[in-house]
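Inspection log for the structure reproduced underneath, given as structure tokens.
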Number of protein chains: 2
Amino acid sequence: MATGRTHRPATRSRGIPEATVARLPLYLRALTALSERSVPTVSSEELAAAAGVNSAKLRKDFSYLGSYGTRGVGYDVEYLVYQISRELGLTQDWPVVIVGIGNLGAALANYGGFASRGFRVAALIDADPAMAGKPVAGIPVQHTDDLEKIIKDNGVSIGVIATPAGAAQQVCDRLVAAGVTSILNFAPTVLSVPDGVDVRKVDLSIELQILAFHEQRKAGEEAEAVLEAEAAAAAAKETGKGPDGDVPAVMPA
Amino acid sequence: MATGRTHRPATRSRGIPEATVARLPLYLRALTALSERSVPTVSSEELAAAAGVNSAKLRKDFSYLGSYGTRGVGYDVEYLVYQISRELGLTQDWPVVIVGIGNLGAALANYGGFASRGFRVAALIDADPAMAGKPVAGIPVQHTDDLEKIIKDNGVSIGVIATPAGAAQQVCDRLVAAGVTSILNFAPTVLSVPDGVDVRKVDLSIELQILAFHEQRKAGEEAEAVLEAEAAAAAAKETGKGPDGDVPAVMPA
DNA sequence: TAATGTGAAGTTTTTCACAGCG
DNA sequence: CGCTGTGAAAAACTTCACATTA
């Protein structure tokens, strides 16, 4: 889902598959919950259930990080929390700026999940002069004019764009020019960035559209199921044989 | 990224790959923009660029929908908009409810991208009695007590959960019991749902963590690059041969 | 003995490359 | 000729199943 063509193409690095990286935060969340309940160890089966994946996948994922488990026992919760945090780079502090303090930007500024994971909202930036100085989530909003200075003064390398679509590319360009190399984009636009800059996007409307697709298909299947049931009933009448576990098998030509 | 174990396992339906479905909204957005600029046709190359994918992938994706292009010319914008909309089920009206009208819920209620895509915010629901009756985005907030009735009266099949993590599963259960079969979850929890219910999740903190992983790796690579450059320089001094296109090849043991 | 770690098999997704068609 | 549509190859990802080991 990340856009920017990224990282060295083939050279071996520690090569953790992207799909695995995307699941590490999930495992981390589940592990953190266990840690808070002072659970000392957990099996792949249990942890997988808590994270909503299957256990083979989880074990394979962990195998890319190293051998952190104990056969016959499971994984040490605290140790795993540390290892995954380190792998994700969460043992360091990441100052982020949020640009565009509308409804969504404000929601993000107030979102607790950031602070708890090593992310610190270093600044809020908006183009509306009327917003300047107003505190949101306890942080005063600053004006876009100072964007470059803010980035540099705070050593920000991660930027969050929550502006309207029309402003997103321009904001993105300025962020990148000022030194930001990772961008989380909430604006419904494709951002173009130079090589070496990562973009991830979150598009609320896209998620709903994907749900709608499946929803529609469910409706279609229901209708189909009725037809199949009717066909099966008819067949049963015909042959005197009731329906059983087998699929009705409507073979297409 | 969808969680719920979904749909018939193997039976052939119209079998559009999930990865393709996830990109259709992207294409649709790009096409809509072209349509607004009254562009009549577009090539796979152009459209792919606008959507941020490569053209082979786009053509393959479209091939699952049918043959909607014209060789030597490209795709008719309006026609494709219609076909994709239909495929995604956006030609019908989808009433959605948003549960949890905090910062994020309010942002979602105000988000313009919904209405423009066939999604209609049918109701806003919150557990705080003080919120009841207050209008958000012009829609009065209703109390959780009436959730079931609201779902049924409005024929809602898609629910958005924007509550705190602690309340999410309970809200989810009630939504499902009331007949909702697709859920977009913003709460940082794994929801468990019965078969036949789709869940997609959006986790802001997870996206940032993935960015942090790559950001960290960039920092590592920079250091590595410096070392490699130094090594190359040293080698050049040694042999009198300048560095060329080949990889420095630091073979591990 | 219970549960990890992992080759190997299976599946899905992406990319290639070009035949075919307007 | 230019661009689509698509088999076939390649790559990425998931699942299986079991040898291995604390």
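Just so we're clear, the structure is a prediction, and the values are computed from it rather than from any experiment. Throughout, a chain's letter reflects where its sequence line sits, starting with A, and its residues are numbered from 1. We use all heavy atoms of the structure for the numbers below, so side chains are in, but hydrogens, waters and symmetry mates are not.
- Going from atom CG of B:Leu58 over to atom P of D:dT6 covers 14 Å, rounded to whole Å.
- Following rounding to the nearest Å, A:Arg59 (CZ) and D:dT20 (P) show an atom-to-atom distance of 16 Å.
- Here the side chain of B:Trp94 pairs a donor or acceptor atom with the backbone of B:Gly89 at under 3.5 angstrom.
- Distances from the side chain of A:Tyr64 to the nucleotides D:dT14, C:dT4, D:dC16 place D:dT14 closest.
- A side chain to side chain contact (heavy atoms under 4.5 Å, CB included) with B:Thr163 holds for exactly one of B:Ile98, B:Leu104, B:Val99; it is B:Val99.
- Residue A:Ala19 places its side chain closer to D:dT14 than to any other of D:dT14, C:dG5, D:dT4.
- For the OP1/OP2 pair of C:dT14 and a distance below 4.0 Å, the side-chain nitrogens and oxygens of B:Asn54 include no atom meeting the criterion.
- Summarising the geometry, the separation between CD on A:Glu45 and C1' on C:dA2 is reported as 12 Å, rounded to the nearest angstrom.
- Residue B:Ser182 holds its OG atom at 10.0 Å from CZ of B:Arg200, rounded to the nearest 0.5 Å.
- In this structure, the OH atom of A:Tyr27 is 13 Å from the P atom of C:dT4, given to the nearest Å.
- Within 4.0 Å (heavy atoms only), A:Tyr75 reaches sugar-phosphate atoms of the nucleic acid but no base atom.
- Distances shorter than 4.0 Å separate some side-chain N or O of A:Ser44 from OP1 or OP2 on C:dT4.
- One atom, CG of A:Leu47, and another, P of C:dG5, lie 12 Å apart when rounded to the nearest Å.
- An OP1 or OP2 oxygen of D:dT14 is reached within less than 4.0 angstrom by no side-chain nitrogen or oxygen of A:Lys60.
- Between the base of C:dG20 and the side chain of B:Arg71 there is a donor-acceptor pair shorter than 3.5 Å.
- The CD-C1' distance, from A:Glu18 to C:dT12, rounds to 17 Å in whole Å.
- Atom CD of A:Gln83 is separated from atom P of C:dG5 by 12 Å (rounded to the nearest Å).
- The CZ atom of B:Arg23 sits 8 Å away from the P atom of C:dT13 (whole-angstrom rounding).
- The aromatic ring centres of B:Tyr79 and B:Tyr82 sit 6.0 Å or more apart.
- Position along DNA chain D of the nearest nucleotide to B:Asp61 versus A:Asp61 favours B:Asp61 as the more 5'-ward residue.
- Considering only heavy atoms from C-beta on, A:Pro188 comes within 4.5 Å of B:Tyr111 through its side chain.
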